[in-house]
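Below you'll find the structure, written out as structure tokens, and then a few comments.
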Amino acid sequence: MPELPDVEIFKKYMDATSLHHKINDVAVIETKVLEGVSARKLRARLVDRSFESTRRHGKYLFARLEERSWLVFHFGMTGALKYYKTESDHVKYVRVRFFFSNGYDLVYISQRMLGRIRLVPFAEEFIGSNEWGPDALAIDYGRFAEAVRKSRGPIKTTLMNQKLIAGIGNIYADEILFQSRLHPTTPGNKMKPQAIENLFHNVKTGLKQAIQWRADPGNFPKGHLLPHRNQGADCPVCGQKLKTVKVAGRTAYFCPRCQAR
DNA sequence: AGTACCACCTGACGGC
DNA sequence: TGCCGTCAGGTGGTAC
């Protein structure tokens, strides 16, 4: 699931639970989730240290250990973090476990193992080397509008392009386009300035609201697409049957009436 | 440069 | 019940 709002919730969760506790041990249950670092090195760099602060860029979460040392969490489609008292709970798909000196663990969960954990010296440098665009909550209007105006492909693809704007995935792209009353295949370079402004506004408010509602569709008030984003559902605004279309290999849900081309 | 497709993984679900 | 195809909220590589 994890897109920007979900990862922001993981960040808040980690801030509230996992900072400043000494790490007693690290257990790598599945080495496949480690990228560019061995289980041995990870353990050596973490044991006796603690997570001091976190930051987020797009769908990536960074936890600072010390100078020149950041742990990078990426969650893929099925990742999450959970903090709980050691052995108090049986959690499935735990791939890496951090044992704190206070008797609690932070675990990295990843059912499909499409996410990765890395260890990098500088968060900023890592973000730059991946050529990610500005975080969707930080991008300014000028840069956003330029990216949209220059794109010939479907607007949904542009919203999800991490090199242009970091943090929006399949689900929130659908919600943002629904709020903007834009068909997912609308070409960016065909959009009027008014429509681009409106889309920009909905990127910001859509993501901020999702964070307020803890990225849980169950908390979304009426008039939002997410809780209805499944086969055969009706538009929460006009009642029309929602439709789907493949955009860049992903399923886009939209209302054919509210989001007419 | 921009876009499409596949591979990476596991599991859930529907049809037969 | 069991098997099989399809699909799932992400990303990176390759091929046009």
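The sequence lines fix the lettering, A, B, ..., with proteins before strands; numbering per chain opens at 1. Worth knowing before you read on, the calculation uses all heavy atoms, side chains too, and leaves out hydrogens, waters and symmetry mates.
Side chains of A/N198 and A/S180: a donor-acceptor N/O pair is absent below 3.5 angstrom, by distance only.
Within a 6.0 Å radius of CD in A/E66, more than 12 heavy atoms belonging to other residues, nucleotides or ligands are found.
Both distances falling under 3.5 Å, in either a Watson-Crick or a G-U wobble arrangement, place C/dT6 opposite B/dA12.
As a whole-Å value, the separation of A/I171 CD1 from C/dG9 P is 5 Å. The nearest whole Å value for the distance from the CD1 atom in A/I109 to the C1' atom in C/dG9 is 16 Å. The interatomic distance linking A/L225 (CG) with C/dG9 (C1') rounds to 12 Å, in whole Å. When rounded to the nearest whole Å, the span between CG of A/L4 and P of C/dT11 equals 11 Å. Here C/dT11 presents its C1' atom at 15 Å from CG of A/L164, a figure rounded to the nearest Å. One atom, CD of A/Q111, and another, C1' of C/dA8, lie 10 Å apart when rounded to the nearest Å. Taking atom CD1 of A/I155 as the reference point, atom P of B/dG2 lies 14 Å away to the nearest angstrom. Rounding to whole angstrom units, CZ of residue A/R116 and P of C/dG10 are separated by 15 Å.
Not one side-chain nitrogen or oxygen of A/T157 sits closer than 4.0 Å to the OP1 or OP2 atom of B/dT3. When the side-chain nitrogen and oxygen atoms of A/R250 are compared with OP1 and OP2 of C/dA8, none of them lie within a distance under 4.0 Å.
If you check every strand for non-hydrogen atoms under 4.0 Å, A/R229 touches sugar and phosphate atoms only. At the heavy-atom level, A/K246 lies under 4.0 Å from the strands shown only through sugar-phosphate atoms. A/Y93 comes within 4.0 angstrom of sugar-phosphate atoms only, judged by non-hydrogen atoms across all strands, and of no base.
Spacing of P atoms, B/dA1 relative to C/dT11, comes out at 22 Å, to the nearest Å. Comparing C/dC3 with B/dC9, their P atoms sit 24 Å apart, to the nearest whole Å.
Hydrophobic clustering of Ile, Leu, Val, Met, Phe, Trp and Tyr side chains at less than 4.5 Å, counting indirect connections, unites A/I127 with A/W70. If you chain together hydrophobic residues whose side chains sit under 4.5 Å apart, A/F73 and A/Y83 fall into the same group.
Listed in residue order, the members of residues 128-154 of chain A having a heavy atom less than 4.0 Å from DNA chain B are A/R152, A/G153.
For A/D6 and C/dG9, a side-chain-to-base donor-acceptor distance below 3.5 Å is present, hydrogens and geometry of angles not being considered.
Using a cutoff of 4.0 Å between basic side-chain nitrogens and carboxylate oxygens, A/E30 and A/R95 are not scored as salt-bridged. Electrostatic pairing of A/R64 and A/E52 does not count as a salt bridge here, judged by no charged N lying under 4.0 Å from a carboxylate O.
When every heavy atom of A/A166 is checked against every heavy atom of A/L4, the shortest pair comes out as O-CD1, 3.9 Å. Taking every heavy atom of both residues into account, A/G223 and A/F178 meet most closely at O-CE2, 3.5 Å.
Mapped onto DNA chain B by nearest heavy atom, A/T158 and A/R112 fall at different nucleotides, with A/T158 at the one closer to the 5' end.
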